[in-house]
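Data first, discussion second: the structure below is written as structure tokens.
Computed over heavy atoms, backbone and side chain alike; hydrogens, waters and symmetry mates excluded.
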Amino acid sequence: MDAVRLIVTSRRALATGGGVPDLLTEVWQAQALAQAIGSRLALVGPPQLRDEATGLADLAGHGIGVLDRTPLNSGEPRAARLTELGDTRACLMHLGGLLGDVGIALVGIACAADDEATYWSCVEAIDAADEARDRVRDMLRKLADREAAPPRREAV
């Protein structure tokens, strides 16, 4: 499935998530998708984005790890359905929005947390999502710079 379609699906699921367990499941799904997209871009994306894409995958993986739980009864991760990235710019723009939504959801969960462990894991996951979103912005900036640069002319 195309990355943008998976991101849109994740954003909808996050927006309609019910209680804390459902929201944490959707946060986990979104971070797993960000990790998969980062990994794919690191392998087959534009060469100038590969370092940032590797960083994105690492940060999203950290976001998954600090939540210390896998989704219950959610079946196969949405990220496993990723078959193509499609347009890199569109993919990154949508992914940046998803990571922003993840941060907002985690702030809500942290504010309502009954225990310190949940609160601090949410804070760490917020940091990871925010840093991952910064990586996405950096990649979008690099794409824009590449498009704005005059084409190279070969000497004759």
Using the rule that two of Ile, Leu, Val, Met, Phe, Trp, Tyr join whenever any of their side-chain heavy atoms come within less than 4.5 Å, decide whether [X] and [Y] are in one cluster.
| X | Y | value |
| --- | --- | --- |
| Leu85 | Leu56 | yes |
| Val20 | Tyr119 | no |
| Val123 | Leu24 | no |
| Leu14 | Val107 | yes |
| Met1 | Ile7 | yes |

Search all heavy atoms of [X] against all heavy atoms of [Y] and return the closest pair with its distance.
| X | Y | answer |
| --- | --- | --- |
| Ile64 | Trp28 | CG2-NE1, 3.2 Å |
| Leu143 | Pro46 | CD2-CG, 4.4 Å |
| Leu59 | Ala132 | CD1-N, 3.7 Å |
| Arg40 | Thr83 | NH1-O, 3.1 Å |
| Glu26 | Ala13 | OE1-CB, 3.2 Å |
| Ala36 | Ala79 | CB-CB, 3.9 Å |

Return the [atom1] to [atom2] distance between [X] and [Y], rounded to the nearest 0.5 Å.
| X | Y | atom1 | atom2 | answer |
| --- | --- | --- | --- | --- |
| Leu95 | Arg11 | CG | CZ | 10.0 Å |
| Leu41 | Thr54 | CG | OG1 | 9.5 Å |
| Asp134 | Met139 | CG | CE | 11.0 Å |
| Ile37 | Leu99 | CD1 | CG | 8.5 Å |
| Gln35 | His62 | CD | NE2 | 12.0 Å |
| Leu49 | Asp138 | CG | CG | 10.0 Å |

Among Lys142, Arg141, Arg133, which residue meets the salt bridge (Lys or Arg N to Asp or Glu O under 4.0 Å) test with Glu52?
->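 The option that passes is Lys142.
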Take Ser39 and Leu43 through the side chain to side chain contact (heavy atoms under 4.5 Å, CB included) test and state the conclusion after the steps.
-> CA-CA 6 Å; Ser39 295; Leu43 291 174; 5.6 Å; no
Check whether more than 12 heavy atoms from other residues, nucleotides or ligands sit under 6.0 Å from atom CZ of Arg89, and answer yes or no.
->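 Correct, the count exceeds 12.
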More than 12 heavy atoms from other groups under 6.0 Å of CG on Asp115 |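 Yes, CG of Asp115 has more than 12 neighbouring heavy atoms, counting only those of other groups under 6.0 Å.
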What do the steps show when you test Thr25 against Asp22 for side-chain hydrogen bond (donor to acceptor under 3.5 Å, both in side chains), and what is the final call?
-> CA-CA 5 Å; Thr25 295; Asp22 292 336; 5.4 Å; no
Hey, mind stepping through Arg78 and Ser10 against side-chain hydrogen bond (donor to acceptor under 3.5 Å, both in side chains) and telling me if it holds?
-> CA-CA 8 Å; Arg78 224 173 263 124; Ser10 288; 3.1 Å; yes
